[in-house]
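A quick write-up on the structure given underneath.
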Amino acid sequence: MNRSGTVRARRRKVTPGRVVLQAFLIVTSLVWLFPLAWALYTSLRPYSDTAERGYVSLPGVLSIVNYTTAWRNADLPHFFWNSFVITVPAVILTLFLATMVAFAVSRFTFRFNVALLMIFTAGNLLPQQVIITPLYRLYLTLPLPSFLSDTGVWYDSFFGIIAIHVAFQVGFCVFVLSNYMKTIPMELGEAAVMDGASVWRQYRSVILPLSRPPLAALATLLFTWIYNDFFWALVLMSTGSKRPVTSALNNLQGLYFVDNNLIAAASILVAIPTLIVFFALQGQFVRGLTLGATKG
C-alpha cells in the first residue's frame, strides 16, 4: 500500500471518540429539530382532530386548511410587507455604516482608533430593556419630518423602528468586519494609492468586494434578528396595522380560546423568509463568520 492509501485508511479508521462525537451531534440535531417538526405536524392537523384525539396521538386527517386560514385571517401579506419595510432598509443601513467604521479603524492608524472600536463594541453589552423608559419618552417628543412619519415624531413610525435596530446592531457588525478587514493585506491599499485611488475608491473598489463573505454572513444574521423582533415594535408602535409580521400571530388568539394548530401554521409561514435568506447565503455564511473572527 502506498503512502496515500495509508493516509486514507487512517482517515477511515473508526475510533470510540469519533463514534461518541457523531452520536452526540445526531442527538443534539434531533433535539433542536424536534420543536420545528412538532410545530409542522400540529399545523397539518385540524383543531377538531386534536380535540378528539389529543395532541400526542396519530392523526385522523392531515390537511393545509390551517395555512390557508392563517394566511387569510391574520392578513399575513400586509404584515409581511411591514416586516420587509423595516428589515431590508435596516440591514442595508447597518451594513453600510458598519463597513465605513470598520474600514476606518482597521485600515488607518489614528489616536482614537482602538477607543472608537471599543465604543461601538461596548454598545452590544447594554441590555436593550434598560433604555425602554428614556427611549419611549424620547420617541414621543423627538420631531421627525412628515415624509418619514405621519405622527410628526419618532414614535409609531417605521423610521423609528429602523433606527433603533441600526443603533443596536451596528456595533456587532463593526467588530466582525474590522477583524476581517485587518486580514486583508495592506499592500492592496498601498497599490491603490499609488494608482491615484482616493480613500472612497479604496473603500468601494478594493475593500468592499473582498469583504463579501462576512457581509453575506452578517446580512443573514441581521435579517433573522430584525425580522424576528417583536419587542421594539410592541414598545414603540401603537398602530397595530404598522407592526411587523411577528405581531400578526397575536391576531389569531381569541379572548377565551386559542387554536394552537392555527398558530403553528402561521408560525411556519412567518419563518419561511428567514429560511429562504439563510439557504440563499449559506455558501458564504460559515466562511464569512470564521474569517471575521480569526484575527483581532
Side-chain angles (χ1 to χ4, degrees), residues 25 32 84 86-128 161-229 232 273-296:
L25 294 176
W32 278 98
F84 284 108
I86 295 172
T87 304
V88 174
V91 171
I92 294 174
L93 186 58
T94 300
L95 291 179
F96 176 67
L97 295 177
T99 52
M100 290 196 296
V101 176
F103 173 73
V105 300
S106 63
R107 310 300 292 184
F108 299 99
T109 302
F110 50 93
R111 185 175 180 180
F112 301 105
N113 185 307
V114 178
L116 181 61
L117 180 60
M118 291 178 63
I119 290 174
F120 275 91
T121 306
N124 293 312
L125 304 178
L126 179 69
Q128 301 180 8
I161 301 297
I162 293 172
I164 195 63
H165 283 306
V166 172
F168 272 102
Q169 302 300 340
V170 72
F172 171 76
C173 295
V174 168
F175 175 74
V176 174
L177 288 169
S178 63
N179 285 335
Y180 177 82
M181 290 180 183
K182 290 178 182 178
T183 66
I184 299 176
M186 297 297 295
E187 289 78 6
L188 293 177
E190 295 172 356
V193 172
M194 294 295 293
D195 291 337
S198 63
V199 173
W200 172 254
R201 186 65 181 272
Q202 295 176 50
Y203 163 79
R204 182 174 59 88
S205 302
V206 178
I207 301 301
L208 281 187
L210 295 175
S211 300
R212 289 176 183 172
L215 286 175
L218 289 173
T220 305
L221 291 176
L222 289 175
F223 185 92
T224 303
W225 293 338
I226 298 174
Y227 175 85
N228 288 329
D229 176 74
W232 287 118
T274 57
L275 296 177
I276 294 175
V277 171
F278 175 77
F279 286 118
L281 300 176
Q282 67 173 333
Q284 301 186 72
F285 180 74
V286 176
R287 178 170 173 262
L289 286 184
T290 302
L291 291 175
T294 54
K295 185 177 180 179

- Message: Test of understanding: with side-chain contact (heavy atoms from CB on, under 4.5 Å), list the residues that count as partners of Ser205, not counting sequence neighbours.
- Response: Arg201
- Above 12 or not: heavy atoms from other molecules or residues under 6.0 Å from CE of Met118? no
- Under 3.5 Å, is there a donor-acceptor pair between the side chain of Thr183 and the main chain of Asn179? no
- Would you check if the distance from the ring center of Trp225 to the ring center of Phe172 is below 6.0 Å? yes
- Query: Is the Phe84 ring parallel, tilted or perpendicular to the Phe223 ring (thresholds 30°, 60°)?
  - Reply: tilted
- Would you say Leu208 and Phe103 make side-chain contact, with heavy atoms under 4.5 Å? no
- Note on the structure: CD1 of Ile162 to CG of Leu93, rounded to nearest 0.5 Å, is 8.0 Å
- Query: About how many Å separate OG1 of Thr87 and CG of Asp229, when rounded to the nearest 0.5 Å?
  - Reply: 9.0 Å
- All side-chain contact (heavy atoms from CB on, under 4.5 Å) counterparts of Ile92, not counting sequence neighbours: Val88
- Message: For Thr220 versus Val277, what's the shortest heavy-atom pair and its separation?
- Response: CA-CG1, 4.2 Å
- Query: Closest approach of Gln202 and Gly189, non-hydrogen atoms and distance?
  - Reply: OE1-O, 3.9 Å
- Message: So, taking the atom named CG in Leu221 and the one named OG1 in Thr94, what distance separates them when rounded to the nearest 0.5 Å?
- Response: 12.5 Å
- Locate the shortest heavy-atom distance separating Ile226 from Ala90; write the atom from each residue and the value. CD1-CB, 3.8 Å
- Find the distance between OH (Tyr180) and CG (Leu218) and round it off to the nearest 0.5 Å. 11.5 Å
- Nearest heavy-atom pair of Pro185 and Arg107: which atoms, and what distance? O-NH2, 3.1 Å
- Rounded distance [0.5 Å steps], CD1 in Ile184 versus OG in Ser211: 4.0 Å
- Task: Would you check, one step at a time, whether the test side-chain contact (heavy atoms from CB on, under 4.5 Å) holds for Val101 with Val170?
- Result: CA-CA 9 Å; Val101 176; Val170 72; 5.8 Å; no
- Task: Could you check whether the rings of Tyr203 and Phe96 sit parallel, tilted or perpendicular, using 30° and 60° as the cut-offs?
- Result: perpendicular
- Item | Gap between atom CG of Leu210 and atom CG of Leu215 - 0.5 Å precision | 10.5 Å
- Closest approach of Ser178 and Ala102, non-hydrogen atoms and distance? N-CB, 3.5 Å
- Item | Heavy-atom closest contact (Thr99 atom, Met181 atom, distance) | O-CE, 3.8 Å
